[in-house]
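Order of the sequence lines sets the chain letters (A, B, ...), proteins ahead of strands, with each chain counted from 1.
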Amino acid sequence: MNQLFNTLPNTVTTTADPTRYDLLRNSLQHTPGIEALVLLSNDGLPIAAYGVDEAEAQRITAMCSGMASLTAQMAGAVDGAGVLHTLVTMERRTVVMSACGPDSALACVLDSRAHVGLAMREIVDRARSFADHLGTLPRFQAASH
Amino acid sequence: MPPSTAATVQVMPLRVVLRRFTATVSLATVVLAGGCALLLLRQAQVSDAATARTLRHEAVGVGASGLLLTFVVLLAVRITGRVLLARIDQVRDTAMMVAQHQIPDLIRKLQQGHEVDTNLLPRVTGQRDELGAINDALARLAQHAADAAWLVHKERDGFDRFAGVAATRSLLAAHGALDGLDQVQRRSDLGVEAKGRLAAVDARVTLLRRHLENLLLLANGVIPHPHSEPVPVGNVMLDTVGESGAPQRIQLEFGPDAWVVPEAAGALTHLLAELADNALTFSHGDFPVTLRCLATGNGVAFEVEDRGLGLRDERLAELAERLKAAPLFAEIAASEQMGLFVVGRLAAQLGLSVTLSRSRYAGLCVVVHVPANLLTQAPRAAAQPAAASAPRPERQPVPAPAPREPVRDSEPPVPLASRRRARPAPEPLLPPSGASSVPQPSTVPQASNVPQASNVRQSSNVTKPSYASKPSNAPRAGTALTEDGLPQRVPGSHMATALREQTDTPRPRQLGFTVDQRSAEQIGNLFDHYPTVEESQ
């Protein structure tokens with residue numbers, strides 16, 4: 001398992017208490033093959049990122065937003081209701097996107113050789129445990145903090 | 001015990017003396033009577049019949065009267081001995097009880113300020129004989145001793161009250177001085193030097209206030225509590241730093257997010273300041289003193305640790321004693337420092353436990369455990385997330401400008417206990433929403449900085465209310481001004497109005513991911529056979 005992962009710093013500065021995102025990172029370190037994670041708000045801003053630098057985090061966030069919008073369209077087209085998870089499987093990496101707290105989403109970059117079932121189990125489980133603390137505040141509230 | 005003049009004489013109990021004396025006298029009487037009877041009988045053998053009969057009669061008479069006399073003597077001695085010994089025993093028992101139990105108990109109780117009952121002491125009976133006189137003398141002696149102890153107690157009580165009144169008056173004066181200084185310090189037309197001098201005077205007067213509070217405490221008084229709202233433990237620590245003699249030498253390690261009930265906060269601050277001062281005094285000037293706060297199973301604990309020279313075990317035990325019992329003024333005066341007596345008194349008042357031990361750095365480490373009944377919930381108004389766990393370390397003695405009701409000169413005198421004063425305490429850490437908020441330095445101590453399992457829960461408790469907090473109208477950039485009239489940046493005020501203000505339009509629900517209601521196991525199972533790269537190639 002990736003012991004190095006829990007020493008990676010958060011590359012995105014957020015106004016709120018940054019240490020709470022470290023908890024998510026620490027608990028996700030046992031996810032098989034995890035290489036990076038980006039916590040993003042549903043309106044397309046990165047909240048916390050580990051394993052990627054800030055520019056990459058911004059790009060991943062932007063692309064996740066685009067994909068979320070695309071998949072939502074897809075759901076509408078096939079009458080699929082809400083989108084639960086998105087997996088993008090590539091030659092070397094797999095990206096898993098899932099809900100994580102109110103108005104937030106979690107994108108995890110995995111090594112493609114890893115067992116996706118186990119990884120999904122971990123990611124969903126952890127995202128659910130920390131969901132209450134990882135949500136995105138509405139901007140008008142976040143501004144006052 | 002008075003020196004015995006006949007030290008060589010074996011002192012034996014009266015009972016034994018009497019018994020031996022009786023035995024000797026009886027034996028002598030019997031021997032005498034028997035001897036006389038035998039003599040008469042021998043005479044009877046050598047004389048004629050008539051004389052012999054008379055002599056035999058006389059011998060019988062002598063023997064019988066001798067036996068009778070012995071019997072009478074025995075009886076008399078026995079009865080007298082019984083009566084006398086019983087009374088002597090009674091007097092002895094009374095004397096022993098008075099000397100060994102009653103008077104010491106009475107003195108101890110009076111010292112501790114308890115009520116005593118003098119009815120149990122022996123009374124003057126007025127008996128004329130020797131033992132009665134001894135008993136009366138004993139009773140008078142006991143009464144005098146009780147009276148003397150009572151007088152000492154009255155004196156002490158009177159001094160307590162006198163010192164309490166004097167200390168309270170001086171304390172009022174000190175508070176007045178601090179209020180005046182505070183107003184002067186808030187003036188904007190002061191130069192840097194003047195401000196510095198005022199701050200120094202302020203620190204001195206604060207020290208004066210603390211010493212007066214010490215006096216009040218040692219005079220059995222209760223110090224006024226300056227708070228009316230629950231106080232975060234971080235603020236208690238900052239107040240402690242402000243009250244101590246050398247604020248720059250105290251290192252703070254902030255811990256859990258907890259709030260102290262307002263009645264206990266002032267006393268707790270005072271207690272910690274005393275401990276901190278003790279630590280500062282007994283460690284080298286280059287070394288810091290660490291004040292840290294830790295969460296415990298039942299409440300929170302403050303730890304004051306120094307890197308001083310440390311103490312020998314017996315001295316440590318002696319100091320620990322000081323924390324327990326209410327000291328006599330003689331004991332306080334005998335020791336050159338009275339801080340620990342004050343700590344002991346405060347701990348007894350609040351119900352805290354204070355433990356002294358050797359620190360890891362060979363100095364002294366004092367742990368003050370604050371039980372959960374002295375902690376409370378955060379007040380509703382202050383239950384905002386980030387700042388609740390982030391007390392701002394403020395080292396300069398001049399309080400930061402913050403909303404504070406103007407003090408008028410014509411203000412009616414406020415009772416001491418209700419005065420709000422935490423000096424040179426940092427002002428409330430959480431500026432009310434909409435007020436000019438001070439930018440937080442980046443080195444804000446966080447609750448979760450302390451690596452401790454319970455902090456995970458703590459910090460999550462802190463962050464929770466943020467979702468429920470009502471929208472605040474953040475001021476626009478440039479509206480907040482410092483006391484010098486300079487504009488102050490307000491975090492978040494740079495955002496576009498649409499982002500900053502609450503809009504009535506509901507946020508589109510279809511944006512983002514929907515929460516999967518199935519269990520993590522079920523979801524994992526779905527993807528269990530998701531092809532990995534090796535399998536597909």
Engineer: On a heavy-atom basis, which atom in Gln517(B) and which in Arg128(A) lie closest, and how many Å separate them?
Structural biologist: C-NH2, 4.5 Å
Engineer: Where does Met90(A) contact chain B at under 4.5 Å (heavy atoms): side chain, backbone, both or neither?
Structural biologist: backbone
Engineer: Verify the neighbour count for atom CZ of Arg518(B): are there more than 12 heavy atoms of other residues, nucleotides or ligands below 6.0 Å?
Structural biologist: yes
Engineer: Mark yes or no for whether Arg121(A), through its side chain, and Gln522(B), through its backbone, hold a donor-acceptor pair below 3.5 Å.
Structural biologist: no
Engineer: So what's closer than 4.5 Å to chain B heavy atoms on Ser65(A): side chain, backbone, both or neither?
Structural biologist: neither
Engineer: For chain B, which of Met67(A), Arg92(A), His115(A) has the most heavy-atom pairs under 4.5 Å?
Structural biologist: His115(A)
Engineer: For each of Val116(A), Val124(A), Asp125(A), tally heavy-atom pairs with chain B at distances under 4.5 Å, and name the one with the top tally.
Structural biologist: Val116(A)
Engineer: When Phe513(B) is tested against each of Leu84(A), Leu106(A), Val83(A) for side-chain contact (heavy atoms from CB on, under 4.5 Å), which residue passes?
Structural biologist: Val83(A)
Engineer: Applying side-chain contact (heavy atoms from CB on, under 4.5 Å) to His85(A) and Ile523(B), what does each step give before you reach the verdict?
Structural biologist: CA-CA 10 Å; His85(A) 316 279; Ile523(B) 299 166; 3.9 Å; yes
Engineer: Looking at chain B, which one of Leu118(A), Thr71(A), Leu87(A), Ile123(A) has the largest number of heavy-atom pairs inside 4.5 Å, strictly under?
Structural biologist: Leu87(A)
Engineer: Might you confirm whether atom CE of Met74(A) has over 12 heavy atoms from other residues, nucleotides or ligands at distances under 6.0 Å?
Structural biologist: no
Engineer: How close do Thr514(B) and Gly82(A) get, heavy atom to heavy atom, and via which atoms?
Structural biologist: OG1-CA, 3.1 Å
Engineer: Measuring only between side-chain heavy atoms, which start at C-beta, is Met120(A) closer than 4.5 Å to Leu526(B)?
Structural biologist: no
